[in-house]
**Q** 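Below is the structure I would like to discuss, written out as structure tokens.
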Amino acid sequence: MNRAPVGIFDSGLGGLTVVRSVVARLPHDDIVYVGDTARVPYGPKSPRTVRRYSHEILAWLLARGVKAVVVACNTSTAHALESLQEASSVPVLGVVDPGARAAAQATRTGRIGVIGTVGTIGSGAYERALRCYRPDAVIQQRACPLFVPLAEEGWFDHPATELVAREYLAPWLTGGIDTLVLGCTHYPLLKPLLGRILGPDIALIDSAEETAISLASLLANRGLEGPADRVPSHRFAVTDEVARFREVGARFVGAPLDSVDLVALTDTE
Ligand code: DGL
């Protein structure tokens, strides 16, 4: 089983930030990544639809013999994690809990901000997770939907992105929080810009990094890490637009994506 791949999925490209962190933590593990590029974005969609899409991807990954699944998409995690865990024969990990845990550890004052998609913020998933670790936390949340297309465009440090960020982050420019959870796959790409705007007194919590740490310890605890002599394979499957995924994805991962295939998740496609 330790030679089996890790499955990672997202609504599209953004989950590649999680892939980047997982590759750094687990350099000997195979990865199969699914990006549902035909149906992205999940952020504005209903919980029911996001759950249906997420279950289709889980079934596809399980059919490929994965040893664990990482739901890299915050919106999928927020709406579907529990039902995916119930349906899965292998461990399923989301991005919300690791990010919330890290934020609870980082905060000094207990005043924590959360940014994410409309779906993630509306679900209250981060708020619930943060309260488990820090019941007295004062939590302020804000949906920042425009960050997703700006990051997809590669405008990680662009004047337009800065303008939008200053608008979204305005309530926190004069204080109010000491920790901000980047609760969306795409936001870690904007971290240098957000850090510059918010200043050094606000800790930025990157769920991608925290999730990779959680995955590494889950695999280590179960003796499931890839063998150390292994040159891993990283395969990417998308539901639409291979060429765009390859091009923009390379920017997300920081290296060319060699193996990208177009797949159908269900028999009806
Ligand atoms: N992957 C989504 C998330 O982390 C962002 C993109 C989308 O809306 O599908 O919430």
Side-chain angles (χ1 to χ4, degrees), residues 7-22 33-58 61 69-81 84 92-100 102-103 114-127 129 141-156 161 164-165 168 180-191 194 204-212 214 236-241 244-245 248-249 251-253 265:
I8 301 178
F9 80 84
D10 180 41
S11 53
L13 282 154
L16 293 174
T17 54
V18 176
V19 170
R20 188 168 62 182
S21 299
V22 168
Y33 177 91
V34 177
D36 193 3
T37 48
R39 303 189 289 198
V40 70
Y42 284 9
K45 294 196 170 78
S46 70
R48 189 163 163 266
T49 297
V50 172
R51 265 197 298 278
R52 176 161 61 82
Y53 292 171
S54 304
H55 276 274
E56 286 173 11
I57 300 173
L58 174 71
L61 285 169
V69 173
V70 178
V71 184
C73 179
N74 288 258
T75 310
S76 288
T77 302
H79 293 321
L81 183 66
L84 293 171
V92 181
L93 228 97
V95 281
V96 170
D97 189 75
V114 181
I115 53 176
T117 65
V118 170
T120 299
I121 297 304
S123 76
Y126 269 104
E127 188 162 4
Q141 304 197 73
R142 187 110 212 239
C144 303
L146 292 176
F147 281 162
V148 169
L150 288 165
E152 291 268 340
E153 202 58 39
W155 288 9
F156 308 144
T161 313
V164 170
Y168 282 145
L180 179 66
V181 181
L182 308 181
C184 173
T185 46
H186 291 56
Y187 301 174
L189 294 159
L190 310 179
K191 204 170 173 180
L194 302 181
L204 300 182
I205 304 299
D206 178 343
S207 300
E209 190 52 32
E210 301 306 326
T211 303
S214 294
F236 301 89
V238 293
T239 51
D240 202 2
E241 287 290 3
R244 179 167 159 76
F245 182 88
V248 186
R251 266 186 269 160
F252 274 49
V253 177
L265 294 173

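Fair warning: this is a prediction, and the values are worked out from it, not measured in the lab. Numbering of ligands and ligand atoms starts at 1, following listing order.
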**Q** Okay, side chain of Ser214, backbone of Glu210: is any donor-acceptor separation there less than 3.5 Å?
**A** yes

**Q** If you measure only the distance, is there a donor-acceptor pair under 3.5 Å linking the side chains of Asp240 and Thr37?
**A** no

**Q** Between Ser207 and Tyr126, do the side chains contain a donor N or O and an acceptor N or O under 3.5 Å apart?
**A** yes

**Q** Name the option, out of Val96, Asn74, Val50, that contains the heavy atom nearest to atom 3 (C) of ligand 1.
**A** Asn74

**Q** When you compare the side chain of Leu265 with that of Asp36, does any pair of heavy atoms fall below 4.5 Å?
**A** yes

**Q** Out of Thr37, Thr75, Val18, indicate the one that has the non-hydrogen atom closest to atom 10 (O) of ligand 1.
**A** Thr75

**Q** Counting only heavy atoms, tell me which of Gly43, Ala72, Ala151, Gly116 gets closest to atom 8 (O) of ligand 1.
**A** Gly43

**Q** Taking heavy atoms and a distance under 4.0 Å, where does Thr117 meet ligand 1: side chain, backbone, both or neither?
**A** side chain

**Q** Considering the heavy atoms of Asp10, write down every atom of ligand 1 situated less than 4.0 Å from one of them.
**A** 1 (N)

**Q** Hey, what's the ring geometry for Phe252 with Phe156, parallel, tilted or perpendicular (30° and 60° as the breaks)?
**A** perpendicular

**Q** Has Lys45 got a side-chain atom pairing as donor or acceptor with Arg39's backbone, closer than 3.5 angstrom?
**A** yes

**Q** Which of the atoms of ligand 1 are close to Tyr42, meaning less than 4.0 Å from one of its heavy atoms?
**A** 7 (C), 8 (O), 9 (O)

**Q** Can you sort out which atoms of ligand 1 are near Val40, meaning under 4.0 Å from one of its heavy atoms?
**A** 9 (O)

**Q** Any heavy atom of Cys184 closer to ligand 1 than 4.0 angstrom?
**A** yes

**Q** Looking at ligand 1, does any of its N/O atoms fall within less than 3.5 Å of an N/O of Ser11?
**A** yes

**Q** Has the side chain of Tyr168 got a donor or acceptor atom that lies under 3.5 Å from a matching backbone atom of Leu146?
**A** yes

